[in-house]
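Presented below is the structure to which this report refers.
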Amino acid sequence: TTETKGNPMSGTVPIPHGLPMERDAGPFAPPSEITRLRDARPVSPLVFPDGHQGWFVTGYDAVRQVMADTRFSSRQDIGVLHVPYETPGMPVATEPSPQIPGLFIAMDPPDHTRLRRMLTGAFTVKRMKQLEEHIIDVAERRLDEMARMTPPVDLVEEFALPVPSLVICEMLGVPYADRATFQVNSAKFLVKDQPLEEKMAAYGAMTTYLAELVVRKRAEPGDDILSDLARHDELSVEELTGIAFLLLLAGHETTANMLGLGTFALLEHPEQLAELRANPDLVPDAVEELLRFLSVADIFYRYATDDIEIGGETIAKGSTVVVSLLAANRDPERFDNPDALDIRREARGRLAFGHGIHTCLGQQLARIEMRAGFAGLLRRFPTLELAIPAEEVRLRTDMNIYGVHELPVTWTTAS
Ligand code: HEM
């Protein structure tokens with residue numbers, strides 16, 4: 001181990017140039033190079049495409065430590081706006097990025113604490129329980145509509161996207177009728193190779209729309225989360241807009257992809273699917289296992305504000321650190337037979353919602369949406385199957401949140 005310390009470029013494990021992305025081990029498994037790295041050196045040096053050197057953390061314990069340690073700053077504009085080194089035209093970050101008002105996912109304490117605290121009340125387990133029946137209703141109505149269609153249909157468009165979208169719009173008080181504006185633009189932030197100018201243009205369109213909305217809410221508050229926030233005089237319009245942007249984006253893309261990719265995964269594991277259909281009480285466990293197994297929100301960035309020792313390696317102050325939650329959630333040191341989908345696993349302690357101060361604010365909401373979604377879908381469509389060969393399903397390898405672009409499905413209609 002002495003030879004790997006101090007000089008991150010030494011050692012026998014080849015150092016990857018850029019993040020390995022190719023899903024060469026199947027649609028649900030991490031890229032094989034990531035698995036290999038995790039097993040050989042769970043905290044590995046990594047060279048970014050621009051030549052800048054950082055670290056790639058893939059082992060469960062190490063990832064958990066990184067996420068728990070606030071000396072790893074979140075001011076890296078992770079995913080939401082522009083992932084540094086991935087976005088063409090993005091300058092090399094040599095210090096924490098300037099903060100974007102309201103985007104507390106990319107802030108550190110005390111700014112992060114101040115903004116997150118204003119929202120915790122709106123997302124408590126108790127509040128989410130109160131919403132549960134309504135969410136089940138939203139899912140059932142979409143399934144009614146789907147049942148009236150002639151298959152094949154795209155499950156993403158008809159079900160996986162509308163359910164979380166309708167729910168988050170209603171909670172925030174964003175008119176669902178305006179979804180063309182925010183769904184198209186929010187998708188643009190998540191395209192990995194989107195040039196910076198295009199991301200900025202999409203961001204501009206979103207923030208113009210949301211700024212008008214929060215100004216209206218401040219003038220005439222309604223019964224929704226954005227109106228409640230607008231009542232806080234100390235929040236500026238820019239901050240309100242940033243928070244609205246973050247919640248709308250996070251509330252859409254993540255759960256939608258879990259529903260789409262999760263359905264694909266169940267259809268590809270027929271024995272698990274049959275067991276789940278036979279025992280609908282297993283749905284909550286199946287949701288936890290799908291979260292672990294798929295980890296659609298996989299790659300997160302941090303910035304070391306100090307020299308920090310993790311997994312026997314010294315990460316130097318100023319380094320960019322990338323973690324893979326998917327690799328961590330498939331770590332054989334933590335989970336038995338990690339690459340098997342096992343809905344009876346009781347997969348506690350997994351990192352799909354992150355860990356530490358930035359742990360997912362919407363996780364109870366997401367769980368309720370997924371339980372309602374999968375339970376309803378399986379009950380209403382007992383003969384659901386893919387309408388195209390599995391190899392032809394378009395995977396979101398080009399996006400920062402993984403999933404499927406479309407999932408054409410079919411079923412036997414009652415005659
Ligand atoms: C943060 C995953 C659904 C809102 C996070 C983080 C992860 C994550 C991994 C940590 C980011 C980090 O440490 O940098 C997921 C997954 C979801 C999901 C897998 C669905 C299955 C949602 C929903 C909302 C939401 C429905 C609705 C509002 C947020 C927010 C943060 C966050 C606001 C930032 C929290 C902070 O910085 O303190 N999410 N999320 N998420 N998530 Fe989720």
Side-chain angles (χ1 to χ4, degrees), residues 57 63-64 66-70 72-81 83 99-100 102-120 122-124 127-128 131 135 160-161 163-172 174 186 224-226 229 242-262 287-303 321-326 328-329 350-374 400-403:
V57 183
V63 168
R64 206 176 157 94
V66 168
M67 304 218 56
D69 190 334
T70 51
F72 289 105
S73 167
S74 279
R75 291 175 60 181
Q76 280 283 338
D77 292 354
I78 26 166
V80 183
L81 253 188
V83 176
Q99 301 191 128
I100 297 167
L103 286 193
F104 60 91
I105 193 169
M107 289 180 188
D108 297 330
D111 305 288
H112 168 263
T113 326
R114 177 176 68 92
L115 295 180
R116 179 163 170 136
R117 200 182 281 145
M118 292 182 181
L119 282 162
T120 42
F123 286 93
T124 55
R127 281 288 273 277
M128 292 307 121
L131 270 177
I135 291 172
L161 184 59
V163 170
S165 184
L166 280 157
V167 171
I168 196 70
C169 282
E170 203 172 306
M171 289 175 70
L172 295 178
V174 173
S186 58
D224 55 64
I225 292 176
L226 293 185
L229 286 172
I243 296 173
F245 171 77
L246 173 60
L247 294 177
L248 196 56
L249 187 71
H252 260 90
E253 288 282 343
T254 45
T255 316
N257 282 297
M258 275 301 302
L259 286 171
L261 190 67
V287 164
E288 299 305 309
E289 173 64 350
L290 286 167
L291 281 162
R292 180 195 73 82
F293 187 71
L294 300 172
S295 301
V296 296
D298 173 16
I299 300 293
F300 289 90
Y301 286 71
R302 294 292 191 265
Y303 172 90
V321 180
V322 188
V323 303
S324 167
L325 301 183
L326 176 61
N329 277 335
R350 73 277 154 301
L351 295 168
F353 286 121
H355 180 65
I357 62 169
H358 290 279
T359 189
C360 182
L361 179 71
Q363 59 182 284
Q364 297 308 334
L365 172 62
R367 286 194 168 96
I368 290 173
E369 290 174 338
M370 287 183 283
R371 289 173 194 165
F374 287 120
N400 279 315
I401 304 284
Y402 189 60

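Whatever order the structure lists them in is the order used to number ligands and atoms, beginning at 1. These numbers were taken from a predicted model, which means no experiment stands behind them.
With a 4.0 Å cut-off on non-hydrogen atoms, Ser295 does not touch ligand 1 at all. Under 4.0 angstrom from ligand 1, the non-hydrogen atoms of Leu325 all belong to its side chain. When non-hydrogen atoms are compared, ligand 1 lies under 4.0 Å from the side chain of Met67 (C-beta onward) but not from its backbone. Counting heavy atoms under 4.0 Å from ligand 1, residue Met370 touches it through the side chain alone. Contact annotation for Phe300 and ligand 1: only side-chain heavy atoms (C-beta onward) come within less than 4.0 Å of the ligand. Under 4.0 angstrom from ligand 1, the non-hydrogen atoms of Arg302 all belong to its side chain. With a 4.0 Å cut-off on non-hydrogen atoms, Phe104 touches ligand 1 through its backbone as well as its side chain. With a 4.0 Å heavy-atom cut-off, ligand 1 is reached by the backbone of His358 and by its side chain too.
Close contacts between ligand 1 and Arg116 involve ligand atoms 35 (C), 36 (C), 38 (O) [criterion: under 4.0 Å to a heavy atom]. The distance from ligand 1 to the heavy atoms of Phe123 drops below 4.0 Å at these ligand atoms: 28 (C). Set against the non-hydrogen atoms of Ile357, the atoms of ligand 1 under 4.0 Å away are 38 (O). If you number the atoms of ligand 1 from 1 as listed, the ones under 4.0 Å from a heavy atom of Ala352 come out as 2 (C), 9 (C), 19 (C). Atoms of ligand 1 lying under 4.0 Å from at least one heavy atom of Ala366, given by number and element, are 3 (C), 20 (C), 21 (C). Residue contact check: Met258 has heavy atoms under 4.0 Å from atoms 21 (C) of ligand 1. Close contacts of ligand 1 with Thr254, meaning ligand atoms under 4.0 Å from a residue heavy atom, involve 3 (C), 16 (C), 17 (C), 18 (C), 20 (C), 22 (C), 40 (N). Ligand-side atoms of ligand 1 in range of Gly354: 9 (C), range being under 4.0 angstrom from any heavy atom.
Rounding to the nearest 0.5 Å places CD of Glu369 at 9.5 Å from CG of Leu131. Rounding to the nearest 0.5 Å gives a distance of 7.0 Å between CE of Met67 and OG of Ser74. To the nearest 0.5 angstrom, Ile100 atom CD1 is 10.5 Å from Arg75 atom CZ.
In terms of modelled atom types and a separation under 3.5 Å, the side chain of Gln363 and the main chain of Cys360 share a donor-acceptor contact.
With 3.5 Å as the limit, one finds a donor-acceptor pair spanning the side chains of Ser295 and Asn329.
In this structure, Ala256 and Pro164 approach most closely via the heavy-atom pair N-CG, 3.7 Å. Heavy atoms only, all atoms of each residue included: Leu325 and Ala297 are closest at CD1-O, 3.4 Å. For Leu119 against Ile225, the heavy-atom pair with the smallest separation is CD2-CG2, 3.8 Å. Nearest heavy-atom pair, Ala160 versus Gly260, reported as atom, atom and distance to 0.1 Å: CB-N, 3.7 Å. The two atoms that bring Asp298 and Ser324 nearest to each other are OD1-OG, 2.8 Å, heavy atoms only. Here the shortest heavy-atom pairing between Met171 and Leu365 reads SD-CD2, 3.7 Å.
The shortest N/O to N/O separation between His112 and ligand 1 falls below 3.5 Å. Not a single N or O atom of Thr255, backbone or side chain, sits closer than 3.5 Å to an N or O atom of ligand 1. The shortest N or O to N or O distance between Ser74 and ligand 1 is not below 3.5 Å.
Thr113 pairs by the side-chain contact (heavy atoms from CB on, under 4.5 Å) definition with Pro109, Arg117, not counting sequence neighbours. With sequence neighbours excluded, the residues satisfying side-chain contact (heavy atoms from CB on, under 4.5 Å) with Gln364 are Val125, Met128, Arg367.
Distances from atom 7 (C) of ligand 1 to the heavy atoms of Tyr402, Phe353, Phe72 put Phe353 nearest. Nearest to atom 1 (C) of ligand 1 by heavy atom, out of Gly356, Cys360, Gly262, is Cys360.
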